[in-house]
Amino acid sequence: MISTFDHAVALCGGGPAGIGPLIAAAQTGRLDKLLDKGVLLIEPARAGAGSMAHYRIRANSLGRAFLECLELLPPEPFGGLHDLPETTELRRHADEYPPLAVVASFLDRLGEVVTGMLAAHPACRVVRGLVKEIHLLPDGARVRVDASSGLLTTTVGQAVIATGGRPMADFRRTSVVGDLTLDRYADKLSHSESLLDLRRPMPPEQMRAIRQSGHAAVVGGAHSAWAVAALLLADPELRGPAGEPPMVTILHRSPVRLFYLSARHADADNYPFDPQSDVCPASGRINRFGGLRGPAFDLARAALGLAGAPVPVSLVDVSVDEPVVRAAAIAALDAAGAVIVATGYEANLPRIIGEDGAELVAACSPTGTVVTSQTQLLDQHGTVHPQLLAFGLGAGLPPSDAVGGESSYHRRADGVWLYQNDIGHIVLDQLLAGLSLR
């Protein structure tokens with residue numbers, strides 16, 4: 001057993017998820033207890049927004065949700081955030097879904113305060129670098145970092161992995177319906193990141209193919225799928241000879257779910273929902289986690305015929321393997337100039353070595369990397385590793401009493417507000433419980 005550590009906690013990743021537990025601690029008066037034990041923050045770039053700054057879509061929450069943290073954070077050292085230009089700009093979007101670039105600018109300034117706070121604390125440290133390997137120990141972990149100053153190895157009591165997500169490793173073999181997989185369309189495939197992330201543009205030949213065919217297919221039915229559809233329809237480079245947008249077919253396995261503040265709002269819109277399984281018991285909201293919001297909501301609402309003019313979006317429900325469904329799916333995929341896969345992410349984990357010296361393979365489900373309701377990582381054998389926590393994009397938590405959400409939602413819950421509140425409190429509780437044992 002290890003009796004001393006370089007730091008009690010290593011936060012591997014300084015994006016919205018990584019700094020979330022620190023924000024939760026500051027909001028609840030538990031920050032000093034955590035920092036005094038020693039926190040190491042490891043982030044290859046600036047802390048704050050992570051990859052969010054590169055996404056060209058709007059947020060899935062109103063602007064006021066991102067500003068809510070300011071109401072509970074202590075004046076020192078967070079008071080200066082209130083009057084920054086980035087905060088003022090975000091306030092302009094308080095009652096709408098702001099561009100992620102606007103949210104990112106605010107989060108980067110929040111990250112500056114967090115890193116400054118850690119750097120000033122004698123027991124804490126900020127390292128600019130990339131976590132390459134985590135070696136689990138009987139009572140902690142050894143973390144190897146490719147830092148700007150060279151290779152660094154440090155021992156910690158607990159390691160928190162919040163390094164963002166990456167496309168599911170097997171997304172090219174996604175099953176559309178039955179044994180019909182996307183392998184046969186390999187030359188047409190792109191991940192949704194190619195539309196959402198400015199750093200990973202869609203190949204030019206696929207853009208040309210969409211324009212020439214006048215058709216694109218999107219596999220998936222959650223927010224990213226509809227965000228991709230909206231981008232395809234709005235892109236002037238994809239319009240046909242008469243200026244018409246491409247036809248977009250969305251092949252979805254789950255029902256198209258819309259978000260509403262209450263049952264009254266859903267009823268007023270003639271939106272059908274299950275009063276038991278689609279309602280979050282904690283908030284009363286309809287499809288709180290799984291429902292589409294913002295531009296995705298507007299597009300889906302029009303596609304469902306609930307409002308607005310018709311849109312060039314067709315839906316193929318592939319939840320049942322029937323001949324007519326299979327034929328419709330094949331027709332849409334064959335006609336499409338490009339097929340965009342929007343079925344989710346897995347956690348961008350570093351190499352992990354178990355206590356026995358063998359490489360540890362994390363458990364992964366169709367909804368991403370598997371963690372417990374306390375954010376503890378599970379390996380492929382179902383073993384829990386309490387000294388290794390993981391959360392964020394690709395490793396969100398399933399709905400529970402602690403995070404709320406509707407029972408019909410079977411994917412993973414994540415988001416900036418959750419990182420700073422419900423999920424942040426769960427991670428913080430795990431870290432403080434671990435500290436009490438040392």
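Index from 1, following the sequence.
Arg125 CZ: 12 or fewer foreign heavy atoms inside a 6.0 Å radius.
Under the 4.5 Å side-chain criterion, counting only non-hydrogen atoms from C-beta, Ser61 is not in contact with Trp417. Contact of the Leu388 side chain with the Gln158 side chain is not registered, since no non-hydrogen atoms from C-beta on lie closer than 4.5 Å. Side-chain contact between Leu397 and Ile426 is present, with heavy atoms from C-beta onward closer than 4.5 Å. Between Ile286 and Leu258, every side-chain heavy-atom pair lies at or beyond the 4.5 Å cut-off.
A side-chain N or O of Asn348 and one of Arg166 form a donor-acceptor pair less than 3.5 Å apart. Side-chain contact of Glu89 with Ser105: a donor-acceptor pair under 3.5 Å is absent, judged by distance alone. No side-chain donor-acceptor contact under 3.5 Å links Ser262 and Arg264. Between Thr115 and Arg46, the side chains place no donor N or O within less than 3.5 Å of an acceptor N or O (distance only, hydrogens not considered). With 3.5 Å as the limit, one finds no donor-acceptor pair spanning the side chains of Ser407 and Ser277. Using modelled atom types and a 3.5 Å distance limit, the side chains of Gln376 and Gln430 yield a donor-acceptor pair.
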message = Test salt bridge (charged side-chain N to carboxylate O under 4.0 Å, His left out) on Asp269 and Arg301; report intermediate values, then the result.
response = CA-CA 10 Å; Asp269 209 24; Arg301 189 166 172 254; 2.6 Å; yes
task = For Val370 and Arg412, run side-chain contact (heavy atoms from CB on, under 4.5 Å): C-alpha distance rounded to whole Å, both residues' side-chain angles, the deciding distance at 0.1 Å, then the answer.
result = CA-CA 9 Å; Val370 180; Arg412 300 283 164 164; 4.2 Å; yes
request  = Test Arg200 against Glu193 for salt bridge (charged side-chain N to carboxylate O under 4.0 Å, His left out), laying out the working first.
outcome  = CA-CA 7 Å; Arg200 301 176 178 87; Glu193 280 197 329; 3.7 Å; yes
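Remark: aromatic rings of Tyr345 and His191 are close, center separation under 6.0 Å. Checked against the 6.0 Å centroid criterion, the rings of Tyr271 and Phe259 do not qualify as a close aromatic pair.
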